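Some notes on the structure that comes next.
Just so we're clear, the structure is a prediction, and the values are computed from it rather than from any experiment.
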Amino acid sequence: MITMIGGFFWLGGELLLPGMAVLCSDWKILQGAITAALFLLSSYWCCQLLFPESPRWLLATQQLNRCKAELLLFSRANGIDTGDDFADRENLFTDSFWEGFPRPRYYSFCSLFRTRLIWRNALILGFTAFIGCGIRPCFTRNLMVLGSSITYFLRAGSDLLACIFLCITVNHWGRRAVLLLCTILTGFCSLLLLALTQYLFTAVTIAISVLGSLSSHAVVMLSIFFASEVLPTIIRGSGLGIILGLSLLGRASFPIIVLQQRSGFFLHHVVFSSFCILSVLSLLLLPETKRKGLPDSLRQGDSLRRPPLLLQATQDAVPLLSHGKPRADYNPDSYARLASSTKKMIKRNSTNGQDNKALSNDELDLANPSVNYI
């Protein structure tokens, strides 16, 4: 949810950028205004109340003292009286989770390479985000016939529609299914423009370009959102930083081509279209995180498994042995009567056995009459 909110703030910044450009009237003043606004983020680093540390990350990395301090800060900010014994208890988490007092454990991005599945999921999502940002100039180029300002707002509007589409569909269809759908749609639009641009009408080309721009932005946003759920808590920040860096690297590919006077644009289009097809195949290896808890440790992250591609809702109750065709000579009533007859026969045999045992005892008494006199 926080990732999607960040995406909406990103779109808000893109929509405000033309207004700031009109007010500044010079790119140097605009650059200075944007840089000055970025300096305001330093207040988050200076003031702990504005941007506190995550207690979940502190608990996952075994920093218990800082975790207790953050929880106490949250409780006081919410007006909850926890008492004086909350901050003084030394065994608040020790008795419940660990034996003794643990030492803090810190993890880096290199810890991914010691896992079995997490590094593969991060690589696939980073590759998909790189493709989604790198292929967008292939769609933007066809929109330049409408003018630079219309193209900019049309692209921002498609980004907004992509975010709304993700908010509606991701919780119903699942992360992997929607990401696979958007990637297939992006590759299909790219291949259409690559092969049929000179044979299509201008309106059809613009429509395909808008659809491709919408789906490519959905691929980037969902890749980042998916990575925030797949990566464990202990390395989620560094993993998301690498994936965001790969997406910005794909975004920087188009300015490099522009500096070369668009001499390699066709090759750029072909390469990213091929990468998009390869990404569709690799997305099938990702797990599904819908309605699942966030992993905290590397072991929990490796426990995420990909579901079958064509799993039906009724296949979970399939028996171990398949039912064959019913036999023609099978009659449930006959078997029921047979079972009741068998029970009666067993009961009758047990009764006869008790009678025979009593009779044998009487015969023994008659054979030894001296026993009775004694």
Can you check whether [X] reaches [Y] side chain to side chain, under 4.5 Å on heavy atoms?
X: Arg56; Y: Leu294; value: yes
X: Ser297; Y: Pro232; value: no
X: Asn171; Y: Lys290; value: no
X: Arg236; Y: Pro295; value: yes

- prompt: Who pairs with Phe188 by ring-ring contact (aromatic ring centres under 6.0 Å, His included), at least two apart in sequence or on another chain?
  reply: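 Result, ring-ring contact (aromatic ring centres under 6.0 Å, His included) vs Phe188: none returned.
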Separation of [Y] [atom2] from [X] [atom1] (nearest 0.5 Å):
X: Tyr152; Y: Met144; atom1: OH; atom2: CE; result: 13.0 Å
X: Leu285; Y: Arg176; atom1: CG; atom2: CZ; result: 8.5 Å
X: Ile224; Y: Leu125; atom1: CD1; atom2: CG; result: 10.0 Å
X: Leu123; Y: Phe130; atom1: CG; atom2: CZ; result: 12.0 Å

field: Whether Ser213 side chain and Ser209 backbone form a donor-acceptor pair below 3.5 Å
entry: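 Not confirmed, Ser213 side chain does not pair with Ser209 backbone.
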Working for side chain to side chain contact (heavy atoms under 4.5 Å, CB included), residues Ile235 and Ser108: CA-CA 6 Å; Ile235 52 173; Ser108 62; over 6 Å; no
query: Do Trp57 and Glu53 have a side chain donor and acceptor closer than 3.5 Å?
result: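 Distance-only check fails for Trp57 and Glu53.
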- prompt: For residues Ser158 and His217, is any side-chain donor paired with an opposing acceptor at under 3.5 Å?
  reply: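 Absent: no donor and acceptor within the cut-off.
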Residue from Ser223, Ser279, Ser282 passing side-chain hydrogen bond (donor to acceptor under 3.5 Å, both in side chains) with Thr128: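 For Thr128, the side-chain hydrogen bond (donor to acceptor under 3.5 Å, both in side chains) test succeeds with only one of Ser223, Ser279, Ser282, which is Ser279.
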- request: Evaluate side chain to side chain contact (heavy atoms under 4.5 Å, CB included) for Val219 paired with Ile135, printing each intermediate quantity in order.
  value: CA-CA 11 Å; Val219 166; Ile135 205 172; over 6 Å; no
message: Which label fits His268 and Phe272: parallel for a plane angle under 30°, tilted from 30 to 60°, or perpendicular past 60°?
response: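 The arrangement is tilted - the two ring planes meet at 30° to 60°.
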message: Check the orientation of Trp173 and Phe165. Use parallel for under 30°, tilted for 30 to 60°, and perpendicular for over 60°.
response: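 Because their plane-to-plane angle is over 60°, the rings of Trp173 and Phe165 count as perpendicular.
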- request: Start with the C-alpha gap between Ile34 and Leu17, add the side-chain angles, then the distance that decides, and say whether side chain to side chain contact (heavy atoms under 4.5 Å, CB included) holds.
  value: CA-CA 9 Å; Ile34 295 175; Leu17 184 60; 4.0 Å; yes
- prompt: Near Lys28 NZ, under 6.0 Å, is it more than 12 heavy atoms from other residues, nucleotides or ligands?
  reply: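 Count not over threshold, so no.
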- prompt: Shortest non-hydrogen contact from Phe226 to Leu286?
  reply: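 For Phe226 and Leu286, the tightest heavy-atom pair comes out as CE1-CD1, 3.8 Å.
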- prompt: Which atom pair, heavy atoms only, marks the closest approach of Val230 to Thr289?
  reply: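 So the two residues come closest at CG2-CG2, 4.0 Å.
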field: Salt bridge present between Arg136 and Asp159 (N-O < 4.0 angstrom)
entry: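 Salt bridge present between Arg136 and Asp159.
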Thr115: partners by side chain to side chain donor-acceptor pair (under 3.5 Å), with sequence neighbours left out: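 Side chain to side chain donor-acceptor pair (under 3.5 Å) check on Thr115 returns nothing, list empty.
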message: Would Ile234 and Asp296 count as a side chain to side chain contact (heavy atoms under 4.5 Å, CB included) here? Give the steps.
response: CA-CA 6 Å; Ile234 55 178; Asp296 291 327; 5.9 Å; no
